[in-house]
Amino acid sequence: MNYWLFKTEPNTYSIDDLKNEPNKITHWDGIRNYAARNFLRDEVKKGDLVLIYHSVVKPPQLVGVAKVVKEAYPDHTAFDANSHYFDPKSKKDNPTWVMVDIEYVRHLDNPVTLDQIRNTPTLENMVLLKNSRLSIQPVTSTEWSIITEMAKD
DNA sequence: GCCAACGTTGGC
DNA sequence: GCCAACGTTGGC
């Protein structure tokens, strides 16, 4: 099983929005970056656990845990001319973009801020610090353990 | 609101 | 295939 970090802008979609979904499940659509897409398409597997990160807020921080419940399938928002995520180059018979479904698991007892991560030497190699713009990132099992421990009351 | 870092586009 | 121009992300 693998661990991941998914970024979201809570003003658009937050961990609370996920928790409040009727079945606590959402489509993680709108990914329009090839590196992120490749992770989604090739490596994100059912049962994997995901840290949810809130970006573009103060402070930017990890806020909760979700679980992958459906592996990659075509992101239909790319076909919708009315969608913010419309991409005319993505064809239905050969979709460029994919999405997965994730289910809410829990909030962290205490959020772990970007600042805390940056100040934790054992987390210095996190992709979040190396390539802060990547919206789907792998997390090592060691990093996962450290972060979930930091998040405890 | 600024701007650094990064990704994409398109002319050559 | 290179790289300048442009657009986006996201921390500050």
Side-chain angles (χ1 to χ4, degrees), chain A residues 2-21 26-44 48-68 71-102 104-140 142-152:
Chain A
N2 289 316
Y3 299 102
W4 303 97
L5 184 156
F6 287 9
K7 288 194 296 185
T8 186
E9 296 184 23
N11 296 331
T12 304
Y13 194 88
S14 73
I15 183 83
D16 297 300
D17 293 326
L18 175 60
K19 185 181 183 181
N20 291 330
E21 298 283 355
T26 195
H27 315 308
W28 207 257
D29 60 14
I31 299 298
R32 296 291 180 271
N33 166 284
Y34 286 104
R37 189 279 312 269
N38 291 346
F39 283 127
L40 279 185
R41 186 189 60 193
D42 303 333
E43 297 189 48
V44 174
D48 286 357
L49 291 175
V50 177
L51 285 167
I52 301 295
Y53 179 81
H54 281 175
S55 64
V56 198
V57 286
K58 295 177 184 176
Q61 58 188 1
L62 293 162
V63 291
V65 177
K67 184 173 64 178
V68 178
E71 293 177 14
Y73 60 105
D75 182 344
H76 58 74
T77 63
F79 309 135
D80 178 0
N82 295 317
S83 170
H84 175 67
Y85 299 119
F86 178 57
D87 179 0
K89 295 196 293 297
S90 181
K91 305 302 180 190
K92 284 189 178 177
D93 57 1
N94 185 21
T96 308
W97 307 111
V98 299
M99 58 185 174
V100 300
D101 288 358
I102 62 170
Y104 174 83
V105 174
R106 62 187 174 88
H107 279 64
L108 298 177
D109 292 331
N110 296 300
V112 176
T113 67
L114 177 59
D115 212 43
Q116 283 177 272
I117 292 168
R118 201 179 269 136
N119 289 323
T120 304
T122 47
L123 295 177
E124 67 182 1
N125 290 320
M126 276 193 77
V127 179
L128 189 65
L129 303 180
K130 300 288 183 184
N131 181 2
S132 65
R133 294 185 48 176
L134 189 59
S135 56
I136 304 287
Q137 314 181 351
V139 172
T140 69
T142 306
E143 290 162 351
W144 182 277
S145 304
I146 293 166
I147 288 164
T148 50
E149 198 62 34
M150 288 167 72
K152 285 181 180 167

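To find a chain, count down the sequence lines: A is the first, B the second, and so on, and within it residues start at 1.
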Between P of C/dG10 and CZ of A/Phe6, the distance in whole Å: 14 Å
Spacing between A/Tyr85 atom OH and C/dT8 atom P, to the nearest angstrom: 13 Å
Distance-only donor-acceptor check, side chains A/Asp75 and A/His27, under 3.5 Å: no
Out of B/dT8, C/dG11, B/dA5, whichever nucleotide has its closest atom nearest the side chain of A/Arg133: B/dA5
Length of the CD-P vector between A/Gln137 and B/dC6, whole Å: 13 Å
Closest listed nucleotide, where the reference is the side chain of A/Asn131 and the choices are C/dG10, C/dC12, B/dC6: B/dC6
A/Ile31 CD1 - B/dG7 P separation (whole Å): 14 Å
Value in whole Å for how far the P atom of C/dG10 lies from CZ of A/Arg118: 14 Å
Closest to the A/Lys58 side chain, choosing from C/dC12, B/dG7, C/dG10: C/dC12
Pairs touching residues 142-152 of chain A that satisfy salt bridge (charged side-chain N to carboxylate O under 4.0 Å, His left out), sequence neighbours left out: A/Glu149-A/Lys152
Length of the CG-P vector between A/Asp87 and B/dT9, whole Å: 8 Å
Short side-chain N/O contact to B/dT9 OP1/OP2 from A/Lys89, under 4.0 Å: yes
Distance test, side-chain N/O of A/Arg37 to OP1/OP2 of B/dG7, below 4.0 Å: no
Distance in angstrom units between A/Lys130 NZ and B/dA5 P, rounded: 15 Å
Residue pair A/Pro138 / A/Asn2, side-chain heavy-atom distance below 4.5 Å: no
Touch class at under 4.0 angstrom, heavy-atom based, for A/Leu134 against every strand present: nothing
C/dT9 OP1/OP2 closer than 4.0 Å to side-chain N/O of A/Tyr53: no
is_close_aromatic(A/Trp97, A/Tyr34), centroid dist under 6.0 Å: yes
Candidates B/dG7, C/dC12, C/dG10 - which lies nearest the side chain of A/Lys7: C/dG10
Donor-acceptor contacts, no H, no angles, side chain residues 114-128 of chain A, under 3.5 Å, sequence neighbours left out:
residue: A/Gln116; atom: OE1; partner: A/Thr113; partner atom: N; Å: 2.9
residue: A/Gln116; atom: OE1; partner: A/Thr113; partner atom: OG1; Å: 3.4
residue: A/Asn119; atom: ND2; partner: A/Asp115; partner atom: O; Å: 3.0
residue: A/Thr120; atom: OG1; partner: A/Gln116; partner atom: O; Å: 2.7

Touch class at under 4.0 angstrom, heavy-atom based, for A/Arg32 against every strand present: nothing
For atom CG of A/Asn11 and atom C1' of C/dG11, their distance in whole Å: 15 Å
